[in-house]
Amino acid sequence: MISRSKRLFSKAQKIIPGGVNSPVRAFRAVGGNPLFIRRGTGARIEDVDGTRYLDYVCSWGPLILGHAHPAVVRAIQKTAASGTSFGAPTELELEMAGLITDAFPSIGMVRMVNSGTEACMSAIRLARACTGRNKIVKFSGCYHGHADGLLVAAGSGAATLNIPTSDGIPEAYLGETLVLPYNDIPACEALFAQRGSDIAAVLVEPIAGNMGVIYPHQGFLGGLRKITRKHGSLLIFDEVITGFRLVWGGAQTLFSITPDITCLGKIIGGGLPVGAYGGRREIMQQVAPLGGMYQAGTLSGNPVAMAAGLATLKELKKKGTYARLDSMGKLLCAGIRDQAEEQDITVRVEECGSMFTVFFSNTPPACYEDVRSCNVEQFKEFFTGMLKEGKMKKRSARGFNYKNQKTKF
Ligand SMILES: *Cc1c(COP(=O)(O)O)cnc(C)c1O
């Protein structure tokens with residue numbers, strides 16, 4: 001009998017491009033049909049055919065507490081019952097801004113938006129407004145959402161579909177984005193020596209997550225800080241994944257590096273569509289209505305989304321949460337390494353707290369070029385096999401990301 005997921009997918013393909021509302025969901029890079037999900041609780045999800053899975057994807061990052069966490073559901077229900085949007089300020093937005101500015105010393109002021117894409121797009125506009133320069137530096141394999149000009153050598157779904165640069169972006173925009181290899185400070189120094197005075201900002205995932213987890217080498221982030229400061233450019237940390245993921249704060253907290261602008265998303269929305277960008281006061285004062293950099297949103301700071309995000313952040317702030325996440329990450333990675341060794345399969349499990357990726361490779365990848373040389377066929381086999389075992393995982397470039405949150409249910 002043909003599964004309900006399959007039937008729904010063939011219907012969906014007729015009226016939704018590729019049958020999905022975001023490309024990675026289509027399983028193109030790994031083969032097979034996407035599963036239609038009907039419910040989730042804690043670490044488990046159930047598809048429309050009634051098959052249950054241990055979910056390591058957790059909505060690709062936002063659901064750090066797992067599915068339908070009681071505190072988050074309660075907050076959403078309670079808030080929605082009093083109205084879902086007003087187009088006027090609410091107290092919840094103030095509370096959210098308070099939590100973010102408290103957790104990130106580099107953020108004196110923060111503006112809420114509706115997605116990570118919007119956060120990065122706005123951060124770049126802000127950097128250009130502050131510096132009066134146009135060029136942006138990004139790193140190959142890093143993903144910063146789908147704004148024009150950031151879809152160059154992009155990671156995430158763009159990488160898995162081999163569309164590193166999207167069609168439909170004017171040459172003139174592409175020319176404003178300069179791409180460098182991750183973890184390569186000499187290349188960055190050389191570029192700045194040549195064109196430093198044109199560069200508005202360097203945009204980086206402080207721990208790369210969208211080409212699989214790649215750790216910044218000692219001196220990489222500090223090097224970027226030094227170079228940008230020397231040349232009057234801004235340093236933007238895209239912490240859409242790493243924000244509140246590893247510690248209370250972001251990767252900048254972990255590495256003690258102060259960026260000029262920080263982008264947030266995913267976790268701060270607790271499963272609802274939210275993003276944010278922030279920085280020190282004199283930078284954020286360029287944003288309208290204070291300054292001349294325009295950025296707006298009908299649903300920005302939406303009360304229901306704020307309530308879901310706040311409920312999530314309050315759970316995370318409780319003592320011991322991150323220690324528990326870290327120890328579960330370590331346990332899972334060690335288990336995968338042991339299993340691989342037992343089966344005589346060569347893997348590199350790159351981990352940082354609850355972020356990790358299994359690369360089918362001998363050496364730890366340091367940049368996107370290295371990721372691309374990992375064994376993709378072995379990876380597909382792994383993906384399919386694990387799915388059969390009842391585990392849904394995230395494919396990332398040539399590796400696998402496990403999201404290892406487990407909540408009781
Ligand atoms: C997910 C992600 C984005 C884009 O966020 P959306 O909410 O999908 O628009 C941007 N940057 C990074 C690092 C991300 O992981």
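First listed ligand is number 1; within each ligand, the first listed atom is number 1.
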Does the side chain of Phe220 reach to within under 4.5 Å of the side chain of Tyr182, using non-hydrogen atoms?
-> yes
With heavy atoms of Asn210 as the reference, note each atom of ligand 1 found under 4.0 Å away.
-> 12 (C), 13 (C), 14 (C), 15 (O)
Is the closest N or O pair between His144 and ligand 1 shorter than 3.5 Å?
-> no
Among Val240, Val24, Val113, closest by any non-hydrogen atom to atom 3 (C) of ligand 1 | Val240
Give a yes or no on whether a salt bridge exists between Lys317 and Asp102, defined as a side-chain N under 4.0 angstrom from a carboxylate O.
-> yes
Hey, which atoms in ligand 1 end up nearer than 4.0 Å to a heavy atom of Glu205?
-> 13 (C)
Would you say Asp238 and ligand 1 have an N/O pair spaced under 3.5 Å apart?
-> yes
Under a 4.0 Å N-O cut-off, is there an ion pair linking Asp260 with Arg225?
-> yes
Measure Lys266 to ligand 1 on non-hydrogen atoms and call it side chain, backbone, both or neither using the 4.0 Å cut-off.
-> side chain
State whether Glu95 and Lys314 are salt-bridged, where the test is any N-O pair (Lys NZ or Arg NE/NH1/NH2 against Asp/Glu carboxylate O) under 4.0 Å.
-> yes
What are the atoms of ligand 1, with element, lying closer than 4.0 Å to any heavy atom of Ile241?
-> 15 (O)
Do the non-hydrogen side-chain atoms of Thr312 and Glu315 ever get within less than 4.5 Å of each other?
-> no
Centroid-centroid under 6.0 Å between Phe383 and Phe27 rings | yes
Are any of the side-chain nitrogens in Arg337 or Glu351 under 4.0 Å away from the carboxylate oxygens of its partner?
-> yes
Is there a heavy atom of Glu118 sitting under 4.0 angstrom from any atom of ligand 1?
-> no
Would you check the N or O atoms of Gly116, main chain and side chain alike, for any that come under 3.5 Å of an N or O of ligand 1?
-> yes
Protein heavy atom at shortest distance from atom 4 (C) of ligand 1 = Thr117 N, 3.6 Å
Distance filter under 4.0 Å to Ser115 heavy atoms, resulting ligand 1 atoms | 7 (O), 9 (O)
So does Phe86 have more than 12 non-hydrogen atoms from other groups sitting under 6.0 Å from CZ?
-> yes
